[in-house]
Amino acid sequence: MRLDARVPSEPEVLVSGPDFVAAPRISPDGGTLAWLSWNHPSMPWDDVELTVRDLASGVDTVVGVGRGSRSPSRSGSPTGR
């Protein structure tokens with residue numbers, strides 16, 4: 001959601017579709033917005049997409065996908081099993 005902090009305004013939904021959206025970042029030049037997204041029941045370390053939006057055109061591009069990146073050391077077991 002985006003709100004203009006300078007004047008009273010209605011919130012604007014920027015991203016819809018995925019169940020979860022996190023870590024939004026605007027590029028230093030203000031030209032693009034990037035975020036991570038994933039869907040239930042996955043967790044971000046299981047299945048995540050990195051999307052970048054060109055703010056001038058509104059075009060979204062998926063620039064990275066991570067699937068099954070869980071390592072045995074993160075499994076919760078001392079033995080990694």
Side-chain angles (χ1 to χ4, degrees):
M1 307 255 329
R2 174 172 61 179
L3 291 170
D4 188 337
R6 298 166 289 180
V7 296
S9 62
E10 291 294 317
E12 178 185 352
V13 175
L14 297 176
V15 179
S16 62
D19 294 329
F20 299 96
V21 177
R25 298 291 187 271
I26 296 178
S27 64
D29 67 2
T32 58
L33 172 68
W35 65 89
L36 299 172
S37 62
W38 65 96
N39 289 306
H40 181 77
S42 295
M43 297 299 283
W45 51 85
D46 295 325
D47 189 9
V48 67
E49 288 186 351
L50 171 61
T51 304
V52 175
R53 174 176 296 157
D54 181 295
L55 294 175
S57 68
V59 173
D60 293 347
T61 303
V62 175
V63 296
V65 177
R67 290 196 168 85
S69 60
R70 180 181 291 220
S71 70
S73 63
R74 293 192 221 157
S75 69
S77 166
T79 61
R81 294 184 184 159

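Note that the coordinates shown come from a computational prediction; the quantities given were computed from them, not determined experimentally.
- With hydrogens and angles disregarded, a donor-acceptor distance shorter than 3.5 Å links the side chain of Asp19 to the backbone of His40.
- For Asn39, the side chain to side chain donor-acceptor pair (under 3.5 Å) test picks out no residue, with sequence neighbours left out.
- Residues Leu36 and Val52 share a hydrophobic cluster, clusters being chains of Ile/Leu/Val/Met/Phe/Trp/Tyr side chains in contact below 4.5 Å.
- Between Leu50 and the choices Thr61, Val62, Val63, the side-chain contact (heavy atoms from CB on, under 4.5 Å) rule is met once, by Val63.
- Atoms OG1 and CD1, from Thr32 and Ile26 in turn, are 9.0 Å apart once rounded to the nearest 0.5 Å.
- Residues Leu55 and Gly30 come closest through the heavy atom pair CD1-O, 3.5 Å.
- For Asp29, the side chain to side chain donor-acceptor pair (under 3.5 Å) partners are Ser27, not counting sequence neighbours.
- In terms of the salt bridge (charged side-chain N to carboxylate O under 4.0 Å, His left out) criterion, residue partners of Asp60 (sequence neighbours excluded) are, by chain and number, Arg53.
- Closest approach of Trp35 and Pro24 over heavy atoms only: CB-CA, 4.2 Å.
- Put simply, Val48 and Phe20 are part of the same group of oily side chains (I, L, V, M, F, W, Y) that touch within less than 4.5 Å, one to the next.
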